[in-house]
Amino acid sequence: MANLKRDIQALAKAFFSETVDIRRHLHRNPELSFEEFETSAFVKQQLDVLGIRYESMANTGVVALVKGDLESNKIIALRADMDALPITEVEGREYGSERIGIMHACGHDVHTSSLLGVAKILQHLRPVFGGTVKLIFQPGEEKLPGGASLMIKEGVLEDPKPEAILGQHVMPFIEAGKVGFRAGQYMASTDELYMTIKGKGGHGAHPHQNIDPIAITAQIITALQQVVSRYADPRIPTVVSWGKIIGSGATNIIPDEVIVEGTFRTYDEKWRGEAHKRMVQIAEGIAEAMGAHCEFEVRKGYPFLTNDPTLTNQSRSFAEEYLGKENVVELDLWPAGEDFAYYSQEIPACFYRLGTGNASKGITSAVHTSTFDIDEDALELSIGLMAYITIQQLKA
C-alpha cells in the first residue's frame, strides 16, 4: 500500500501541470449540453496519445477502457461530465471563456481534465494492478433528460459490465486539499413544475366581472406548501419552490392567465410519484372551485442519488489512507440534482466531493455563478486520489 501511494503521488505531481493545461483549454472552450463536439474530439485526441482505445456513445460521449496487466475480472467505472452552462463569465481571467454566454461554471472542465489525468496514471501503473477501468466521459449533465440516462440506454453499463462506479464533483465550500463523502442518500430527485392558470381578465376596478388568475395562483402556491408540511413523511426531506411567475397585467389590469414555474425535490421514489399526483389534484381543484382552469405539467427529472454504503465507506477509508483522516470530511444531504443518480440506481455507486475552495485566494463563489473558479492545486489531489481509490477497489 505504501509503495502504491508513493508511486501515485509521484505520478500525480508529474502530471499536475499537464492537467492544469487541459483544464484551462477546456475552460476557454466551453460547450453547452449535448453540443460537446470539440470537447469530445479533444478527449479522443488525448486518449490517442495515451494509446487508450475508445468508442463514441450518446453522440458526443466517449467511453474508454484501461486494462491492468495482472489477472482479474473485476471492472470499475469512472465518470466525468463535459458540458458547460449558459452563463457569461466575469472578465479579466487569463483562462476565461472565449465564448460569450457559455461558461464552465459547474466544474465539468475539472472533472474531464481530472479523468484524463487519472487515465495517464492508470496507464503507467498497468503492471501493478489487475482488472479493467471503464472511463466514461459523459455529455449533457446539465440538461434533461441527462446524458447519463442516454448512455445507460445505449449500454454504457454493459459489455463489459462494471461492478461499481465512482464519480467526483467540485465543491467550493470545502477547502482545496480536502474531500467529502456520504454513504446512503445524498442528492435529491429533481422535477420541473409548470403551471398555467387561466381565468378571465379585465379592469382591476371591477374584479367581480373577472376571474382573477393572480389571486387564484396565490392560493394555489400557498396550498401546495402543504404537500411538504402535511402530506410528506417528515422523515423524507421534501422541497417545493417556485422561481418564476408571469402575470402580464398592470396596476389596474387583471390578466387572463398566469404562468408559474418551479421545482420539486425529494429523496424517495414512491413518495415522489404520490406527490406529483397530489400537487396536480390540489392545483386543479382550487382553480376549478374558483371558476378558472389550471394546466399543470410535471417534467420528471433525475432520480435521487444514493451512495452504496459498502463502496462509499471503503472509498472513504482509501481516501483517509491517501490524504490523512483530517482531510476527509462527512457530507450533509445536498438537495441539488445530479444525473450521476441514474448510475446509482443501476449499480453500486460512490459520488464524492473534491474541495476546490480557497478563501485566502478569494476563491469562494458557488457553482452556477459567473464568478465561480477553483484553486487549481486541487487537481493534483484529484487525479491522484481517484487513481488510488480505483486501484484499491480493484484489489479489494
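- Of the possible polar contacts, none joining the Arg126 side chain to the Gly68 backbone as a donor-acceptor pair under 3.5 Å is found.
- Note that OG of Ser149 and CD of Glu154 are 10.0 Å apart. Values are rounded to the nearest 0.5 Å.
- Both Ile245 and Val240 belong to a common hydrophobic cluster when Ile, Leu, Val, Met, Phe, Trp and Tyr are linked at side-chain heavy-atom distances under 4.5 angstrom.
- Taking all atoms of both residues into account, the shortest heavy-atom contact from Thr371 to Ser365 is OG1-OG, 2.7 Å.
- Using a cut-off of 4.0 Å between Lys/Arg side-chain N and Asp/Glu carboxylate O, Lys300 and Asp191 are scored as not salt-bridged.
- Using cut-offs of 30° and 60° for the angle between ring planes, the His108 and His104 rings count as tilted.
- When all heavy atoms of Ile197 and Pro213 are compared, the closest pair comes out as O-CB, 3.6 Å.
- The local environment of NZ in Lys143 is sparse, with at most 12 non-hydrogen atoms from other residues, nucleotides or ligands closer than 6.0 Å.
- Of the possible donor and acceptor atoms, one in the side chain of Glu31 sits under 3.5 Å from a partner among the backbone N and O of Thr39.
- Here the side chains of Tyr231 and Ile282 are in contact, with some heavy-atom distance below 4.5 Å.
- Panel note: side chain Asn210, backbone Asp212; no donor-acceptor pair is recorded below 3.5 Å.
- When each of Leu323, Ile389, Val328 is paired with Phe318, the side chain to side chain contact (heavy atoms under 4.5 Å, CB included) condition holds for Ile389 and for no other.
- Two residues are said to be in side-chain contact when any heavy atoms from C-beta on lie closer than 4.5 Å; Pro86 and Ile102 fail this criterion.
- Salt-bridge check for Arg99 with Glu38: passed, with a basic side-chain N closer than 4.0 Å to an acidic carboxylate O.
- Across every non-hydrogen atom of Pro139 and Met151, the tightest pair is CD-SD, 3.7 Å.
- The shortest distance between side-chain heavy atoms of Phe34 and Asn59 does not fall below 4.5 Å.
- Between the side chains of Tyr95 and Asp373, a donor-acceptor pair is found at a separation under 3.5 Å.
- With respect to the salt-bridge test (charged N to carboxylate O, under 4.0 angstrom), the residues Asp377 and Lys361 qualify.
- Two residues are said to be in side-chain contact when any heavy atoms from C-beta on lie closer than 4.5 Å; Phe264 and Val239 fail this criterion.
- Residues Leu122 and Phe129 form a side-chain contact, since some pair of their non-hydrogen atoms from C-beta on lies under 4.5 Å apart.
- Glu89 and Ser370 are not linked by any side-chain donor-acceptor pair at a separation below 3.5 angstrom, with hydrogens and angles left out of the test.
- Atom CD1 of residue Ile8 and atom NE2 of residue His124 lie 13.0 Å apart, to the nearest 0.5 angstrom.
- Checked by atom type and distance alone, the side chain of Arg316 never pairs as donor or acceptor with a backbone atom of Ala319 at under 3.5 Å.
- Between Arg79 and Asp339, at least one side-chain nitrogen of the basic residue sits less than 4.0 Å from a carboxylate oxygen of the acidic one, meeting the salt-bridge criterion.
- More than 12 heavy atoms of other residues, nucleotides or ligands sit less than 6.0 Å from atom CH2 of Trp271.
- Residues Thr196 and Glu295 bring no donor and acceptor atom of their side chains to less than 3.5 Å of each other.
- Under 4.0 Å is where a charged nitrogen must lie from a carboxylate oxygen, and between Lys178 and Glu175 no such pair does.
- We find the CD-CD distance between Glu269 and Glu274 to be 11.5 Å, quoted to the nearest 0.5 Å.
- The existence of a salt bridge linking Glu91 and Arg93 is excluded, since no basic side-chain nitrogen approaches an acidic carboxylate oxygen closer than 4.0 Å.
- By the 4.0 Å N-to-carboxylate-O rule, Lys5 lies too far from Glu321 to be salt-bridged with it.
- Counted by atom type alone, Lys44 and Ser56 present one or more donor-acceptor pairs between their side chains at under 3.5 Å.
- Within a 6.0 Å sphere centred on CD of Glu330, other residues, nucleotides and ligands contribute more than 12 heavy atoms.
- Salt-bridge formation is detected for the pair Arg235/Asp233: a Lys NZ or Arg NE/NH1/NH2 atom is positioned less than 4.0 Å from an Asp or Glu carboxylate oxygen.
- Looking at Arg353 and Tyr186, their side chains do bring a donor and an acceptor atom within 3.5 Å of each other.
- Scanning both residues, Glu284 and Cys294, for their nearest heavy atoms gives CG-O, 3.7 Å.
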Checklist line | Full working for side chain to side chain donor-acceptor pair (under 3.5 Å) between Asn327 and Tyr322 | finding: CA-CA 10 Å; Asn327 292 313; Tyr322 191 81; over 6 Å; no
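- Gln393 contributes atom CD, which lies 11.5 Å from atom CE of Met386 (distance to the nearest 0.5 angstrom).
- Side-chain contact between Ile174 and Thr356: absent, with no pair of heavy atoms (C-beta onward) separated by less than 4.5 Å.
- A heavy-atom distance below 4.5 Å is found between the side chains of Pro303 and Tyr342.
- Counted within 6.0 Å of CD on Glu288, heavy atoms from surrounding residues, nucleotides or ligands total 12 or fewer; the atom is thus considered open.
- Side-chain atoms of Thr266 and Asp268 include no donor-acceptor pair closer than 3.5 Å.
- Counting only distance, with no hydrogens or angles, the side chain of Thr112 and the backbone of Asp81 share a donor-acceptor pair below 3.5 Å.
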Next item on the list: Begin from the C-alpha positions of Gln138 and Tyr343 and carry the test side chain to side chain donor-acceptor pair (under 3.5 Å) through to its verdict.
Entry: CA-CA 12 Å; Gln138 180 210 297; Tyr343 301 116; 2.9 Å; yes
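- In this structure, a donor-acceptor pair under 3.5 Å is absent between the side chains of Thr60 and Ser40.
- Hydrophobic clustering (ILVMFWY, side-chain heavy atoms < 4.5 Å, transitive): Val118 and Phe351 are in distinct clusters.
- Neither side chain, Asn307 nor Tyr352, offers a donor N or O lying under 3.5 Å from an acceptor on the other.
- In this structure, His169 NE2 and Glu141 CD are separated by 6.0 Å, a value rounded to the nearest 0.5 Å.
- The minimum heavy-atom distance between Ser113 and Thr19, with the atom names listed, is O-CG2, 3.6 Å.
- Inspection of the Tyr194 and Glu192 side chains reveals an N or O donor paired with an N or O acceptor under 3.5 Å.
- Side-chain contact between Glu376 and Arg23: present, with at least one pair of heavy atoms (C-beta onward) separated by less than 4.5 Å.
- Going from atom CG of Leu333 over to atom OH of Tyr267 covers 4.5 Å, rounded to the nearest 0.5 Å.
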Margin query: If you apply the rule side-chain contact (heavy atoms from CB on, under 4.5 Å), what do you find for Ile87 with Phe372, and how did you get there?
Written below: CA-CA 11 Å; Ile87 293 175; Phe372 172 75; over 6 Å; no
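- Of all non-hydrogen atoms in Ser114 and Gln168, the two that sit nearest each other are CB-NE2, 3.6 Å.
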